[in-house]
Amino acid sequence: SAVISQKPSRDICQRGTSLTIQCQVDSQVTMMFWYRQQPGQSLTLIATANQGSEATYESGFVIDKFPISRPNLTFSTLTVSNMSPEDSSIYLCSVGGGQEKLFFGSGTQLSVL
Amino acid sequence: GQQLNQSPQSMFIQEGEDVSMNCTSSSIFNTWLWYKQDPGEGPVLLIALYKAGELTSNGRLTAQFGITRKDSFLNISASIPSDVGIYFCAGRRFGNEKLTFGTGTRLTIIP
């Protein structure tokens with residue numbers, strides 16, 4: 001399985017500011033996925049990030065709020081823009097691992113005051 | 001988006017007990033995955049299932065792909081303290097790279 005590193009692991013932010021989360025994978029992968037996990041909830045897919053093209057967003061998520069970059073096959077960033085307390089969640093980066101498996105990073109715990 | 005229904009929502013058991021949980025859907029899935037999430041961590045893949053009726057083990061964990069392809073089951077035998085956490089099922093439909101996640105089962109071991 002791929003080794004996925006996320007930074008920061010946690011942050012406390014003021015409302016109205018933005019936070020960029022980095023995801024680094026130890027091998028080249030075609031697709032990277034960003035998930036949100038609200039407190040006590042399951043995982044919800046935000047978007048799929050493909051290298052060389054714009055990210056594909058799921059219903060309820062927009063590029064202006066969650067811009068994503070995918071500059072190469074091992075790295076991606078997710079920005080949470082103009083944050084409000086409702087954005088307090090765990091944000092998770094994931095990659096496919098062959099045989100239809102999906103592997104996750106350790107997540108970024110975001111608290112917005 | 002759609003979520004898979006997991007049951008039970010939470011479990012309180014004593015160390016050494018066996019655990020059973022399930023995941024159901026109104027749709028057919030071609031792949032079932034089971035994950036465990038510890039506090040402050042990302043989900044870790046436990047078992048992957050690929051065909052109806054398949055039974056796969058990973059140590060004390062055993063998972064089954066339901067015959068109807070609309071459900072899956074996870075059993076943990078002789079639970080130990082490190083089994084505490086939240087267990088998520090996830091399913092993938094044929095031709096769709098996206099996973100649908102279950103609502104989660106929180107396992108607590110009573111001392």
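Chain letters run A, B, ... following the sequence lines, proteins first, then strands; residues in each count from 1.
Between atom CD of residue A/Gln41 and atom CZ of residue B/Phe101 there is a gap of 14.5 Å, rounded to the nearest 0.5 Å. For the atom pair CE of A/Met31 and NZ of B/Lys98, the computed distance is 10.0 Å after rounding to the nearest 0.5 Å. Note that OH of B/Tyr35 is 7.0 Å distant from CZ of A/Phe103, once rounded to the nearest 0.5 Å. To the nearest 0.5 angstrom, A/Leu102 atom CG is 8.5 Å from B/Leu45 atom CG. Remark: B/Leu99 CG to A/Phe33 CZ distance equals 7.5 Å, nearest 0.5 Å.
Residues B/Leu33 and A/Met32 are members of one and the same hydrophobic cluster, defined by side-chain heavy-atom contacts under 4.5 angstrom among Ile, Leu, Val, Met, Phe, Trp and Tyr. Following chains of ILVMFWY side-chain contacts shorter than 4.5 Å, one can reach B/Phe29 starting from B/Met21, so the two form part of one hydrophobic cluster. B/Leu46 and B/Val19 fall within the same hydrophobic cluster, defined by Ile, Leu, Val, Met, Phe, Trp and Tyr side-chain heavy atoms under 4.5 Å apart, directly or through other members. Connection of A/Ile68 to A/Leu73 is not established within any shared hydrophobic cluster, with ILVMFWY side chains joined at heavy-atom distances below 4.5 Å, either directly or through further cluster members. Tracing side-chain contacts under 4.5 Å through hydrophobic residues (I, L, V, M, F, W, Y), one reaches A/Phe66 starting from A/Met83; they form part of the same cluster.
Minimum interatomic distance between B/Gly42 and A/Leu92 (heavy atoms only, all atoms of both residues): CA-CD2, 3.7 Å. A/Phe104 approaches B/Pro43 most closely through the heavy-atom pair CB-O, 3.6 Å.
In the displayed structure, B/Gln9 atom CD is contacted under 6.0 Å by at most 12 heavy atoms of other residues, nucleotides or ligands. Under a cut-off of 6.0 angstrom, the local environment of CZ in B/Arg60 is crowded, with over 12 non-hydrogen atoms contributed by other residues, nucleotides or ligands. Within a 6.0 Å radius of CD1 in A/Ile12, other residues, nucleotides and ligands contribute 12 heavy atoms or fewer.
Looking at B/Gln37, the atoms closer than 4.5 Å to chain A (heavy atoms on both sides) all sit in the side chain, from C-beta outward. With a 4.5 angstrom heavy-atom cutoff, A/Gln6 does not touch chain B via any of its atoms. Of the atoms belonging to A/Leu45, it is side-chain heavy atoms, and not backbone ones, that fall under 4.5 Å from chain B.
Without hydrogens or angle criteria, A/Ser106 side chain to B/Glu41 main chain gives no donor-acceptor distance under 3.5 Å.
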